[in-house]
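In what follows, a single structure is set out as structure tokens and then discussed.
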There are 2 protein chains.
Amino acid sequence: MLKYKSLYHSLKKEIQQGTFIPGDLLPSENELCDQHQITRTTARKALDELQREGFIERLHGKGSQVRERRKSLGLLNVKGFSEAVGQQVDAIMLQAPDYRGWSDRIQFPVKENEQSASCIHFERLRCVNEEPVMLENNWFASTALPNFCQLGFVDGSFFKTLSQCFFIEIVGSEQEIRAEVASSEVARLLRILPGDPVLHISICFSTSHSSLTIYSELYCNTTQYPIGNSYHL
Amino acid sequence: MLKYKSLYHSLKKEIQQGTFIPGDLLPSENELCDQHQITRTTARKALDELQREGFIERLHGKGSQVRERRKSLGLLNVKGFSEAVGQQVDAIMLQAPDYRGWSDRIQFPVKENEQSASCIHFERLRCVNEEPVMLENNWFASTALPNFCQLGFVDGSFFKTLSQCFFIEIVGSEQEIRAEVASSEVARLLRILPGDPVLHISICFSTSHSSLTIYSELYCNTTQYPIGNSYHL
DNA sequence: GAAAATAGCTTGTACGTACAAGTTACTTTT
DNA sequence: AAAAGTAACTTGTACGTACAAGCTATTTTC
């Protein structure tokens, strides 16, 4: 594991677990250097990442302060659902992973080297406090992930499974966001009325594995939980 | 001007103006160092920023490649409308900047030190090819920007005005995104029907001036142009 | 006692170096 | 002619140093 990533994960974990609460100052850059046997350049790279994702605020002359996180679904900068609201979150698998042809519902052009491979697809319904809030479809080429369909999800998280079973990380994403009227199918699953507005997000995730791109299609009921996004420095 | 910001702006300008087109490789990091009399650390900081905003892709062992930008409104990571679609974009001022009380339409808690100041507000309608696509409301404390109401906008851009007249830069933002039904007022301005879905974005921009926060409220017709967002590394 | 100076911390920018690792084109070997 | 090796580029990580600039608590001065 790279040194800056290791520190980044370690600090993020401590923030998420409540070791540091909003308002707290993290150890200073020099202290982190001593604790982890790294240089300030490396420590700052980890803190840069935490800042971009909105976990901390850097105060010139003071330190790195843990930020208050709003209760939104926090999805746009983020690699999944797990960094979201501090509430009971779960997922219902509507269509378990299986082999299909490439769907025309994918809003991004599928890369050529992937089109020739077969496509794995799965569909889930995300719930907060047992209320459905997001319908999620994912497509990707089967080549990079042998035996994926036989595996279960680590902690119910697709991205954790990618990381822990295949050592593949998300390194970027491109998204398009629209407000649309719910189709009868989407409305039924999200328990809203056909014609109600839904947030439609198309995402194309690039990963550390060059032949794996993940194409996602999300429909969100934002009545109770808006989608959040933050950006710093 | 800081060295890394200067290089960042210079490269971004060249990409936007078409000096480098998608697929081109930028000068290598070492070449940029020679051209601008800086070290690789500084050059990389500028390239990091361009990468995060989706302008370039870094190819290990090859170089920094200019990315294909999709024709979306590209607003979420971005500081304004200007980085958007390569089409005719303009704005109609519906309510010129003037002093008002703090509106209850602001979706974020207004900071205490700002509440005591008076509030400047303006409203604009953004158009692409003369079709209205976004209704924009902005609020901020008057203290940081003396005589703002008397000034015109530089190139029609609020953020350019902040930068060039007041030397204030956007350093972060927090956003909440919802799909809603258009009110009759919003529908009339966006030339859609009341009840049609609109994308509702609430933004809170933090700036390099500690006593200036900009609160924005956007309503978008995403039928033709979705809102785009990208994230890399 | 109040104000000003100071010392010691913090983060921000920028310098320079070294080596690992990926890509490419050329050269050598087979 | 094909394959293997190599040299010269590229970016990625990490080291270490220096000074600027912001914050805070203490000390000194008035």
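Below, chain A is the first sequence line, B the second, and so on; all start at residue 1.
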Check: Do H200(A) and E176(A) have side-chain N/O donor and acceptor atoms under 3.5 Å apart?
Finding: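 Per modelled atom types, H200(A) and E176(A) side chains form no pair under 3.5 Å.
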
Notebook entry, point to check: Are E53(B) and Y8(B) linked by a side-chain donor-acceptor pair shorter than 3.5 Å?
Noted result: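 Short answer, yes.
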
If you compare every side-chain N and O of [X] against the phosphate oxygens of [N] (OP1, OP2), does one of them come in below 4.0 Å?
X	N	answer
R44(A)	dT11(C)	no
S28(B)	dT10(D)	yes
K45(B)	dG12(C)	no
S64(A)	dT10(C)	no
K3(B)	dC15(C)	yes
Y4(B)	dA14(C)	no

Margin query: Both E29(B) and T42(A) contact DNA chain D. Which one's nearest nucleotide lies toward the 5' end?
Written below: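 Nearer the 5' end of the strand: E29(B).
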
How long is the line joining [atom1] of [X] and [atom2] of [N], in whole Å?
X	N	atom1	atom2	answer
L2(B)	dA14(C)	CG	C1'	10 Å
D48(B)	dT11(D)	CG	P	12 Å
I38(A)	dC15(D)	CD1	P	7 Å
Q65(A)	dT24(D)	CD	P	11 Å

Margin query: Would S206(A) and T213(A) count as a side chain to side chain donor-acceptor pair (under 3.5 Å) here? Give the steps.
Written below: CA-CA 5 Å; S206(A) 43; T213(A) 310; over 6 Å; no

Next item on the list: Assign each of T41(A) and L59(A) to its nearest nucleotide of DNA chain C by heavy atoms, then name whichever residue's nucleotide is nearer the 5' end.
Entry: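 The residue whose closest nucleotide sits nearer the 5' end is L59(A).
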
Checklist line | Sugar-phosphate, base or nothing in reach of E57(A), heavy atoms under 4.0 Å | finding: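 It contacts nothing in the nucleic acid.
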
Item checked: Sugar-phosphate, base or nothing in reach of L25(A), heavy atoms under 4.0 Å ->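 Since no nucleic acid heavy atom lies under 4.0 Å of L25(A), the category is nothing.
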
Next item on the list: Not counting sequence neighbours, which residues clear ring pair (Phe, Tyr, Trp, His ring centres under 6.0 Å) with H36(A)? List them please.
Entry: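 Counting only residues at least two positions away or on another chain, H36(A) forms no ring pair (Phe, Tyr, Trp, His ring centres under 6.0 Å).
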
Check: Looking at residues at least two apart in the chain, or sitting in another chain, which of them share a ring pair (Phe, Tyr, Trp, His ring centres under 6.0 Å) with F122(B)?
Finding: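 Scan of F122(B) (ring pair (Phe, Tyr, Trp, His ring centres under 6.0 Å), adjacent residues dropped) gives F153(B), F158(B).
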
Note to self: Looking at T161(A) and S157(A), would you say the former's side chain and the latter's main chain have a donor-acceptor pair under 3.5 Å?
What the structure shows: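 Yes: the side chain of T161(A) pairs with the backbone of S157(A).
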
Check: Are the side chain of W102(B) and the backbone N or O of A117(B) linked by a donor-acceptor pair below 3.5 Å?
Finding: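 Present.
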
Check: Where the side chain of T39(A) is concerned, which of dT11(D), dA14(D), dT13(C) is the nearest nucleotide?
Finding: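 Closest nucleotide to the T39(A) side chain: dA14(D).
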
Notebook entry, point to check: Of the nucleotides dA14(C), dA14(D), dT11(D), which has the atom closest to the N30(B) side chain?
Noted result: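 The nucleotide sitting nearest to the side chain is dT11(D).
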
Could you run down the sub-3.5 Å N/O contacts of the protein with nucleotides 18-22 of chain D?
residue, atom, partner, partner atom, Å
dA21(D), N3, H60(A), NE2, 3.3
dG22(D), N2, G61(A), O, 2.9

